[in-house]
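Excluded from the calculations below are hydrogen atoms, water molecules and symmetry mates; all remaining heavy atoms, backbone and side chain alike, are included. Since this is a predicted model, take the numbers as computed values, not measurements. Each chain gets a letter, A, B and so on, in the order the sequences are listed, and its residues count up from 1.
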Amino acid sequence: MPIVERSWLAAFGTGGFPNESPLMEELGINFQHIKSKTLAVLNPFKPIDTEIYDDADMAGPLLFILVLGTFLLLSGKSQFGYIYGVGLLGTVGIWAILNLMSQGGIDVMRTASILGYCLLPIVLLGSLGLAVDFKSGQLAAAAALLPIAWCTYSSATMFVSVLSMSEQRLLVAYPIGLFYTSFALLTVF
Amino acid sequence: GQMGGQPQNPPMRGAFSPISVEQQQQFAYNGYAGQQQQQPQHAYPQPQAAYPQQSFVPQQQQQQAPMANQSTPYGMFAQNLQNNQAAQIGMQFAGNAMNAMQENVQQNVERYVSMRQLKHYFDVSNIYVLSKLRVLVFPWLQKSWHRHAERDQTGQVVGYKAPREDANSPDLYIPVMGLVSYVIAIGLIIGRLGVFHPEDLGYTASSALGVIVFEVLLIKMFCYLLNVGAELQFLDIVAFSGYKFVTTILVVLLKPWAPWWVTWSAFLYFGFALAFFMIRSLRHALIPESSSVTGVNVHRKRRIHFLFVIAMTQFLYIWILMQYKSST
């Protein structure tokens with residue numbers, strides 16, 4: 001007969017069954033990896049350890065997308081559906097292109113994870129949009145260029161190191177740049 | 001013999017055991033007849049009704065199983081699946097069905113667009129892309145438009161060389177990138193004009209795809225009428241048709257911000273450049289150099305006319321693609 005604690009605390013906590021792994025491990029959320037991946041995006045010039053991308057977790061990207069949607073909502077544009085649509089279509093497109101262009105393949109979840117983490121600069125652009133009104137003026141195009149370039153650079157670096165295809169770096173960077181430009185379009189206009 | 005320990009078992013309820021201990025005992029002692037009487041009362045009697053012996057094995061094993069398996073109800077669920085023959089057969093059937101479905105889908109997709117062929121069109125390098133862009137903008141600089149043939153060991157021609165090795169070979173990377181860049185460029189323009197709405201990205205993409213589909217169907221119809229077979233593959237036509245986005249982007253970016261005569265002279269120039277490009281690219285397929293086939297010479301004039309029509313419609317396509325919404 002299994003030893004099951006019958007107490008209120010055990011019912012609401014995670015210490016119920018013996019030999020049960022911690023909740024975070026069961027959910028697949030590894031805070032250490034999330035932190036290191038986010039720092040890798042924020043500082044793209046540091047060499048990246050590729051094996052942290054093997055777990056393809058979506059917790060970070062989901063958080064970034066929700067934060068971006070919230071910033072857009074706060075600046076008057078309720079565009080969660082468009083973010084979802086553009087993100088999904090773009091991710092599947094990038095996955096298809098990368099599979100067609102490279103020798104080895106990559107699966108959808110890993111591309112989604114890498115693309116999602118590198119979305120962080122666009123989220124920062126969205127936060128800037130709370131303070132500055134983009135529609136009026138030249139500021140829009142100029143302000144969006146830096147985050148797009150940043151996103152594209154870090155993302156292309158990660159893909160090139162994960163897929164090990166170095167002589168096509170610019171060819172990989174261009175579609176990723178288009179993907180992030182469409183996100184910037186949603187954010188700025 | 002196995003039933004000795006049963007009554008002391010706690011009524012652990014997994015997903016597959018909605019019946020109580022007493023009823024399980026009745027299952028074991030009755031035959032099929034008894035079970036069929038019991039069946040209507042239970043939510044999911046099937047696996048256990050058909051195989052009374054095996055349904056009790058998990059309970060038996062549970063007594064002797066290590067602690068880990070007993071600790072959660074799901075442990076018993078997994079054991080029920082493993083030891084239950086009906087469930088096993090069901091799972092195998094499902095697995096086979098999934099495999100068969102996947103193969104069926106893949107075969108049908110292979111007939112229209114094979115992966116290996118697609119990969120051939122994306123096998124590009126930086127140099128290829130740069131030289132192709134140069135050819136699209138300044139087509140008269142290109143000296144030779146001849147496509148190199150790929151030969152296998154015996155010297156037979158099995159196709160054309162990949163874009164990486166042959167600068168005249170069409171690829172699909174530039175057209176696809178061109179299409180997406182065109183949609184984003186239109187989005188940028190509309191955004192700067194202040195009338196952007198995310199739906200416009202979708203509208204632009206569908207109208208651009210519509211232009212491509214129309215042109216591909218038109219060229220395909222011409223090929224059918226002229227009896228052009230394997231010299232011009234379907235994906236080649238798509239590729240040649242998709243190159244127009246490169247020049248269209250250059251023209252459409254001028255439209256909102258340059259004086260009208262600059263825009264229209266750019267339109268004329270790039271229209272002629274695109275027409276020239278299409279004529280030179282399609283000539284090798286539609287009008288073969290050698291006159292070995294006598295029927296070809298009879299229709300030679302018609303072929304030249306069709307080629308001319310294809311080239312002149314490029315102006316129409318660029319004009320269509322240049323339109324965008326300028327006010328809400």
Shortest non-hydrogen contact from A/L178 to B/M177? CD1-O, 3.9 Å
So does B/E199 have more than 12 non-hydrogen atoms from other groups sitting under 6.0 Å from CD? yes
So, the part of B/H120 with a heavy atom under 4.5 Å from chain A: the answer is neither
How long is the straight-line distance from NZ of A/K77 back to NE2 of B/H197, given to the nearest 0.5 Å? 11.0 Å
Does B/Y173 use its side chain to pair, donor to acceptor, with the backbone of A/L171 at less than 3.5 Å? yes
Is it the case that over 12 heavy atoms from other parts of the model lie below 6.0 angstrom from the CG atom of B/L209? yes
Return the option, out of B/V124, B/L201, B/D123, with the maximum number of heavy-atom pairs under 4.5 Å with chain A. B/V124
To the nearest 0.5 Å, tell me how far B/F122 CZ sits from A/L98 CG. 11.0 Å
Under a 4.5 Å heavy-atom cut-off, does chain B meet the side chain of A/L89, its backbone, both or neither? neither
Find the distance between CG (A/L185) and CD1 (B/I186) and round it off to the nearest 0.5 Å. 11.5 Å
Approximate separation, where rounding is to 0.5 Å, of A/T181 OG1 and B/I184 CD1: 5.0 Å
Name the region of B/S181, side chain, backbone, both or neither, that has any atom closer than 4.5 Å to a heavy atom of chain A. both
